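Below is one structure; the comments refer to it alone.
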Amino acid sequence: MKSQLVRQQFLDFFASKKHAIVPSSPMVLKNDPTLMFTNAGMVPFKEYFLGQKTAVDKRVADTQKCLRVSGKHNDLEEVGKDTYHHTMFEMLGNWSFGDYFKKEAIDWAWELLVEVYKIDKDCLYVSVFEGAEDDGLEYDQEAYDLWKKYVPEDRIINGNKKDNFWEMGAQGPCGPCSEIHVDIRSAEEKAKVSGRSLVNNDHPQVVEIWNLVFMEFNRKADGTLEKLPAKHVDTGMGFERLCMVLQNKQSNYDTDVFTPLIREIEAITNSEYGKNEETDIAIRVIADHVRAVAFAIADGQLPSNTGAGYVIRRILRRAIRYGFTFLNTKEPFIYKLATTLSQQMGDYFPELKIQKQLVTNVIKEEENSFLRTLDQGLVLLDGIIKNTEGTEVSGKKAFELFDTFGFPIDLTALILSEKGMTLDEDEFKKELEKQKTRSRAAAVVETDDWVILQEDAEKEFIGYDTLEANVNITQYRKVSSKKEGDLYQLVFNMTPFYPEGGGQVGDKGYLKEDDGNVIYIVDTKKENNLIIHFAKSLPKNPTQTFKVVVDEKERFRTACNHSASHLLHQALREILGTHVEQKGSAVHSKSLRFDFSHFAKMTADELRAVEDFVNSRIEDKISLEEYRNIPIKTALDKGAMALFGEKYGDTVRAIQFGKSVELCGGIHVQNTGDIWHFKIVSEGAIAAGVRRIEAITNNATKDFFLENTQVFSEVAEVLKNTKNPVKAIIDLQEENASLKKQVEALQKDKAKNLTGDLINQVETINGIHYLAVKLDLDQNSIKDLAFDLGNKIENLFLLVGTETDGKAFLSCYIAKNLVEAKQLDAGKVVRELGKLIEGGGGGQAYFATAGGKKPEGIEEALVKGKEYLK
RNA sequence: GGGGAUGUAGCUCAGUUGGCUAGAGCGCUUGGCUGGCAGCCAAGAGGUCGUCGGUUCGAGCCCGAUCUUCUCCA
């Protein structure tokens, strides 16, 4: 059974059980400080389980793209070594939000596996929660009884809290779960060892394929459990493993989920899968990682050096490294796989098809840059090896190579072992550990427990309509970090404060206590759908009702920038073409930043056209049309861009200014006329195929023009109010250049003359040509003069004194052959004579300078110079 | 967010405890030689040594601030 069909049958099956089939949510998460990537099928539905939002559909099923790079079995460095762990994978799931429970979940799971997928039921094992005394939890008899209808008792296994009790986090919804395992070993092996003993034992052919979670409790902050008012079902089935079972393969990588990629890698790298363990691992690593990277980029997450982008970069670099080391690829090649991947999965995940060009470009650029890093590292490593005595390279050096120059440690180890050398790994680990503790210490954030003042399920955002409100604090907590000190996070029963999101910064403002005391809100953020206000201090009496006020000026300027960024988006698509897509944005009160896909530097004409386009929309004074809580389809019908960054949700908000329609939760001006004026201040590249525009609006443009006019008028004034300052400046520059050359020539002439004069003053003492003079020249000219004279006169001993700004300087030049023959040292001369001008100095043996603060001493010094000739 | 590195000619980079009149290779210009795969020889142009400030007789080098790029960690 082809993998596409496996996926389709799952969805069809649950559709027939009245489930709404929803598309996969993005793999890359935005606006969730606790998580960077979707790492399980339930993540997009977290809010429903936490009771912060009510689901429209009570039954939902989907396949969700997930990414795991750390965890018990998903350490990035382990993926590829076995045949059944992945970074990116699909998780099939069905959900009940307060609807059906254990019976249906179990019945349907069995029906699907045995009747639809036709899995031999004798290969299936199930596990049931055995209970836990410390939590007062009993054996899950209900699940056991339900399973017993289908499964003989000897294949029902009891599981402990670790394996069979699922918790969302330290607090929150939780409940017992039931896992389904499948044994795909040969009959022979089954006869030898019972499958039962291999369940949950990391056997590659006895694997868990489906986990059914029955959420019925809430774990409170004090650790106790309470029954949830509504019970939920959350299930997750590993798609790749399911395919392995249904296609009778022994490895996920042998299914048609991976074989097209593996064939392509074999073709490109001229290698063969299945012949050699090292090659196989490398091919698996690349096949796995390219999926993770391609999906992430298609979701809008580009590789970068921080946060989620850094995780993506690390994954891609690991793939490059394996190719480099084991498949001998010295040129970029992984980017070529984007085509195969989009052909194979693009039908169900259209983002892969649409973003194929971007994915290709970005991966290729990353490959090039990392291969450069590797090249540089190889040279550095060579240097280290040459400077190493004995055969062990210090861990410190290896760490420096890794830390500062990004050269992978395993490559270092490999190259050393090829040369019969070793690496002090303990020292390396110590250095790495030091770095980690340093980073952690800097980022340490101590978070106190929430103090709950009142229960309020619905915490409304009222900031679209008002900037002020009388509110109560429902909960608060203290957060301490080294950087920011103590901050208090406050949650209100309702709030006019806009939390950071959709690229727009969080609102600032203040909160007023009864006695008139004001506490400033410095930022507003969202965490798990909770709007959190950051305050520097806590009100004296947190239970009173407060007046809270949003900073109107900041808010208005931010709104101008946000609306302008929508118009900018429209303008770019109009002028550059529809390949332009938003890749990120940042909207502040002072400026806006807009990242978008485009493959060339924008010309001055294009920039001007974009500015004109936006400004003409501003002049048209288009009124805002805002649609709240409309179904996503209605918004799309209005012409809103379907962004893949959107996750399945009940309703959306759409913002329309004329023909610009976008799904957006941000704050906007009532009329484009409010923006006043739009000005692009910079355009540049941030990654392959991605460009960034920075722009300003409203007051900022006023300041911008005022400042520029100011500079311009000053320039014009300096140029005597010429009509054409640009030409005047170019003329000046040319004139300046030619004058410089003339001056240089004149100086040479002058020096020649001076040399002529000086040559006549040279005395000959003991075969040495000696000259001591006081001149009125700067230090550089003296140097030039000295070397010039030195070239003309053999055996020269020159001593020059000068005086500038009340300071005295001495310079001494001694021909090199004299230095050697007579053991003379200009440095010594200058140091000793320097005492006469109350200073010191030094230099080389043939030329040295000294400076002092007693110009009267110069004459004496020049006279004394003769003494060195004896 | 924290640490490390980096910035010198159009490009790739040297520059040792401050003593330098800032270099090399490639590229460029000019002239000459030359039937051979990066032709050879000679001459030459090209530098605010990231920016600002400091220490010093003297700073590419040391100190402080700041920006760029790279990199590791969170």
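Here is how names work: the chains are called A, B, and so on, in the same order as the sequence lines, proteins then strands, and each is numbered from 1. Fair warning: this is a prediction, and the values are worked out from it, not measured in the lab.
- Remark: P of C72(B) and CG of Leu432(A) are 12 Å apart, rounded to the nearest angstrom.
- As rounded to the nearest Å, U68(B) and C28(B) have P atoms that lie 34 Å from one another.
- If you check every strand for non-hydrogen atoms under 4.0 Å, Gly843(A) touches a base.
- Atom name C1', nucleotides C11(B) and U16(B): the rounded distance is 26 Å, in whole Å.
- Looking only at side-chain heavy atoms (C-beta outward), Arg317(A) and Glu366(A) come within less than 4.5 Å of each other.
- Spacing between atom CD1 of Ile782(A) and atom C1' of G19(B) amounts to 16 Å, rounded to whole angstrom units.
- Looking at the side chain of Arg313(A), the nearest of the listed nucleotides C20(B), U71(B), C72(B) is U71(B).
- The distance from atom CG of Leu76(A) to atom P of C73(B) is 10 Å, rounded to the nearest whole Å.
- In this structure, Ile385(A) CD1 and Leu380(A) CG are separated by 11.0 Å, a value rounded to the nearest 0.5 Å.
- Looking at Phe594(A) and Arg692(A), their side chains never come closer than 4.5 Å, going by heavy atoms from C-beta outward.
- Using a 4.0 Å heavy-atom distance criterion, Gly307(A) is classed as a base contact.
- For the P atoms, the distance from G2(B) to G60(B) is 32 Å, rounded to whole Å.
- Remark: U17(B) base-pairs with no nucleotide; criterion is Watson-Crick or G-U wobble with both hydrogen-bond distances under 3.5 Å.
- Pairing partner, A42(B): U30(B), with both Watson-Crick or wobble hydrogen-bond distances short of 3.5 Å.
- Pair check for A59(B) finds none; no Watson-Crick or G-U wobble contact set falls under 3.5 Å.
- Counting non-hydrogen atoms under 4.0 angstrom, Gly839(A) reaches nothing in the nucleic acid.
- When each of Gly852(A) and Thr404(A) is assigned the nucleotide of RNA chain B bearing its nearest heavy atom, the one mapping closer to the 5' terminus is Thr404(A).
- Here, C62(B) and A14(B) have their P atoms 15 Å apart, quoted to the whole Å.
- Atom CD1 of Ile409(A) sits about 10.5 Å away from atom CZ of Arg321(A), to the nearest 0.5 Å.
- Protein atom CD of Gln376(A) is 18 Å distant from nucleotide atom P of G4(B), rounded to whole Å.
- The cationic atom of Lys525(A) (NZ for Lys, CZ for Arg) lies less than 6.0 Å from the six-membered ring centre of Phe534(A) and within 45° of the ring axis.
- The residue Gln435(A) sits close to a base: some heavy atom pair falls under 4.0 Å.
- G47(B) sits 11 Å from G23(B) when the C1' atoms are compared, rounded to a whole Å.
- Using a 30° and 60° split on the angle between ring planes, Phe797(A) and Tyr868(A) fall in the parallel class, below 30°.
- Look at the P atom in both C26(B) and A22(B): the space between them is 23 Å, to the nearest Å.
- Of the candidates G1(B), G4(B), U71(B), G1(B) carries the atom nearest the Ser439(A) side chain, counting heavy atoms from C-beta on.
- Look at CD on Gln844(A): it is 15 Å from P on U16(B), rounded to the nearest Å.
- The CG atom of Asp825(A) sits 11 Å away from the C1' atom of G19(B) (whole-angstrom rounding).
- Taking the C1' atom of each, U56(B) and U71(B) are spaced 35 Å apart, rounded to whole Å.
- Atom CG in Leu401(A) sits roughly 14 Å away from atom P in U71(B) (whole-Å rounding).
- Taking every side-chain heavy atom of Lys436(A) into account, A74(B) is the closest of G19(B), A74(B), G3(B).
- The nucleotide G7(B) finds its pairing partner in C67(B), both defining distances of the Watson-Crick or G-U wobble pair being shorter than 3.5 Å.
- When distances run from any side-chain atom of Ser369(A) to the nucleotides C73(B), A5(B), U71(B), the shortest one goes to U71(B).
- Aromatic pair Phe402(A)/Phe428(A): centroids less than 6.0 angstrom apart.
- The partner of A24(B) is U12(B), judged by Watson-Crick or G-U wobble contacts that both fall below 3.5 Å.
- The side chain of Arg317(A) approaches C72(B) more closely than any other nucleotide in the set C20(B), C72(B), C57(B).
- Between the C1' atoms of A45(B) and G10(B), the separation comes to 12 Å (whole Å).
- The CZ atom of Phe399(A) sits 9 Å away from the C1' atom of G4(B) (whole-angstrom rounding).
- Under 4.0 angstrom from either OP1 or OP2 of A74(B) there lies no side-chain N or O belonging to Tyr310(A).
- In terms of position along RNA chain B, the nucleotide closest to Asp784(A) lies nearer the 5' end than the nucleotide closest to the other residue of the pair Asp784(A) and Phe402(A).
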